[in-house]
Amino acid sequence: METGRYTAAGPDAWRREPTGAMRVPIIIYADREQLRAMDDKVDEQLEHVAGLPGIVNAAYAMPDAHWGYGFPIGGVAAFDADAGGVVSAGGVGFDISCGVRTMLTGVHADEIRSRQRLLADRLAREIPAGVGSRGFLHLKPRELDEMLAGGARWAVGRGYGVKRDLERIEERGCMAGAEPEWVSERAKKRQQDEVGTLGSGNHYLEVQEVVEIFAADAARAFGLRCGDAVVTLHCGSRGLGHQIGTEFLREMATAAGRHGIVLPDRELACVPVQSETGRRYLGAMAAAVNCALANRQVLTHLVRGVFAELLPAAEPDLLYDVSHNTCKKETHLVDGHERQLHVHRKGATRSFGPKHSSLPPELHDHGQPVLIGGTMGTSSYILAGLGGPVERAFSSACHGAGRTMSRRQACKRWRGRAVMDELERRGIIVRGASFKGLAEEAPGAYKDIDGVVAAAETAGLARRVARVTPLICIKG
DNA sequence: ATGTGC
């Protein structure tokens, strides 16, 4: 990226003052090298976001930011509905409420190693993965509406998990404001057999080992000990979220002009929060969030089934579940005044600090767990939200490593089979839905996760609690 | 991300 217009605005924070149609500055959290290596498109897309009506404070990017559809992945922007603020389907992304969930197993990683291949094969058999994969649930229209209204709470009510799980999920497992009637029949039809499926692309299920602790107090509260095995899954709202995103992007592109919004890029389609389309999108989006929460809950049930059979000493217990593609109405302090804002996080994780009212009592003093997924060959991280007097990017942090190479480029450079063999030599058993998928997801196609997380910490977005490395990876 | 394009 051409960095000439950016000036240092704190540790690993960079600021570009508004020019032209920009209403607010741009703030990018990254170290100097990450900023330099960032795609020019991130700057261009943030410039467009900064010009949208009702935007508050700044258009933000996280250290893992890269070019996305209309709005960068790793981008955060908040809008004030009372000041003409907008909601953008591209600002949420196609995979609505794509997110990460980590479970503690309570067993040592050596227990996993003693039956690693068997566990990998059984997980691969029980967890439906890949494009078009179907689950064991086949929902009738009424059940599907109940799932969209109830999220993980619906799943627990059906016996897929326990009430305690719900305390460890954002929104306590069910996002308010879901309006299943505003979800198209087509979107519902695509989802009827897809609850409890992983999907494809960068979605995965991993069994990991805790290898490093950075903050002993928070690690203790989170239940993380060096040498322990944890299970992490990364997936979203499957066909339903994608269908909603597609339909509303089209509708918003047409409707934006009627509301006097000039779009510098058609992909950045948006409408006022207080418009008919805006309200319908937010109701449908909340339903998709619930779909993703139900999906991760049903997958958790499948994981528990496999562990109960092969490693009965393990009792997978939910640490936390975070979404990183959302638009949420939240209260934030802006210039000393509390304001209700619609915060878009696209490829960015919420990172509420200690004492936030949404946290369960046992996490109250330590902040929200922030789950950062790496690649199948590198570390992943568990951080904690910071809060404090200065809230950065409306309490947000990065979500992963971020790609440096397109899927097409990665396919040219690596063979899926060789990627899998190399990882196995390093003690990581990989089971993928396709070899092409494994090539696309080669660890070398991503930024350095250690550097991304270090920058997030230096910038004050969240603090590191633990690092984990993969033992088993089931790849979609 | 995605019944991998509309």
Side-chain angles (χ1 to χ4, degrees), chain A residues 45 64-75 88-101 128-135 138-139 144 183-205 233-251 253-254 266-267 269 284-285 287-289 291-293 295-296 299 322-327 344-349 373 375-376 399-403 405-412 416 432-441 445-446 474-476:
Chain A
Q45 293 189 320
D64 55 336
H66 54 109
W67 179 16
Y69 189 95
F71 193 111
I73 295 161
S88 166
V92 171
F94 281 96
D95 190 6
I96 297 167
S97 195
C98 181
V100 183
R101 163 179 295 218
V131 176
S133 53
R134 295 167 151 229
H138 308 287
L139 302 181
L144 202 122
V183 176
S184 70
E185 288 308 314
R186 192 172 179 189
K188 290 177 183 178
K189 192 160 177 51
R190 284 181 68 169
Q191 194 59 31
Q192 61 190 7
D193 300 316
E194 287 193 349
V195 175
T197 64
L198 204 53
S200 64
N202 65 358
H203 290 168
Y204 61 80
L205 182 146
L233 55 92
H234 175 219
C235 65
S237 52
R238 305 288 286 109
L240 181 129
H242 187 267
Q243 188 64 35
I244 291 171
T246 303
E247 289 168 7
F248 276 94
L249 269 162
R250 196 180 304 135
E251 185 178 330
T254 316
R266 188 185 152 86
E267 292 185 0
M285 185 214 67
V289 170
C291 175
L293 298 179
N295 192 29
R296 293 198 283 273
L299 285 165
V322 290
S323 298
H324 50 228
N325 283 359
T326 57
C327 173
H344 293 64
R345 294 186 185 88
K346 180 184 187 180
T349 310
T375 75
M376 56 191 162
H399 83 308
R403 291 194 79 90
M405 204 181 276
S406 71
R407 293 184 176 278
R408 179 187 286 273
Q409 280 177 298
C411 275
K412 277 190 199 162
S434 75
F435 283 122
K436 180 168 170 280
L438 293 182
E440 288 177 354
E441 288 294 316
Y446 281 84
I474 311 299
K475 201 76 180 149

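Residue numbers start from 1 in every chain, and the chains themselves are labelled A, B, ... in the order their sequence lines are given, proteins ahead of strands. Keep in mind that the numbers below use all heavy atoms, side chains included, and drop hydrogens, waters and symmetry copies.
Summarising the geometry, the separation between OH on A/Tyr69 and P on B/dT4 is reported as 17 Å, rounded to the nearest angstrom. Here the C1' atom of nucleotide B/dT2 and the CZ atom of A/Arg250 are 14 Å apart, to the nearest Å. Between the C1' atom of B/dG5 and the CG atom of A/Leu249 lies a distance of 15 Å, rounded to the nearest Å. If you measure from atom CZ of A/Arg266 to atom C1' of B/dC6, you get 12 Å, rounded to the nearest angstrom. Atom CD in A/Glu247 sits about 16 Å away from atom C1' in B/dG5, given to the nearest Å. Taking atom CZ of A/Arg186 as the reference point, atom P of B/dC6 lies 10 Å away to the nearest angstrom. Nucleotide B/dT2 holds its P atom 10 Å from the CG atom of A/Asn295, rounded to whole Å. Following rounding to the nearest Å, A/Lys189 (NZ) and B/dT2 (C1') show an atom-to-atom distance of 17 Å.
For A/Asn295, there are no side-chain hydrogen bond (donor to acceptor under 3.5 Å, both in side chains) partners, not counting sequence neighbours. Evaluation of the side-chain hydrogen bond (donor to acceptor under 3.5 Å, both in side chains) rule for A/Glu251 yields A/Thr277, A/Arg280 as partners, not counting sequence neighbours. For A/Thr197, the side-chain hydrogen bond (donor to acceptor under 3.5 Å, both in side chains) partners are A/Arg238, not counting sequence neighbours. The side-chain hydrogen bond (donor to acceptor under 3.5 Å, both in side chains) test applied to A/Gln191 returns no partner, not counting sequence neighbours.
Listed by residue number, the members of residues 191-199 of chain A with any heavy atom below 4.0 angstrom from DNA chain B are A/Glu194, A/Gly199.
Side-chain contact between A/Leu240 and A/Glu194 is absent, with no heavy-atom pair separated by less than 4.5 Å.
Put simply, A/Ser200 has no side-chain N or O that comes within less than 4.0 Å of OP1 or OP2 on B/dT4.
Using a 4.0 Å heavy-atom criterion, one finds that A/Arg407 contacts the sugar-phosphate atoms exclusively. Within the nucleic acid shown, A/Gly201 comes within 4.0 Å of sugar-phosphate atoms alone, with no base atom in reach, counting heavy atoms only.
Both A/His203 and A/Thr246 sit near DNA chain B, but only A/His203 has its closest nucleotide nearer the 5' end.
In this structure, the ring of A/His234 has its center less than 6.0 angstrom from the ring center of A/His324.
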Could you tabulate the donor-acceptor pairs under 3.5 Å formed by side-chain atoms of residues 241-249 of chain A, not counting sequence neighbours?
unit_1, atom_1, unit_2, atom_2, d
A/Gln243, OE1, A/Arg190, NH1, 2.7
A/Gln243, NE2, A/Glu247, OE2, 2.8
A/Thr246, OG1, A/His242, O, 2.8
A/Glu247, OE1, A/Ser184, OG, 3.1
A/Glu247, OE2, A/Ser184, OG, 2.8

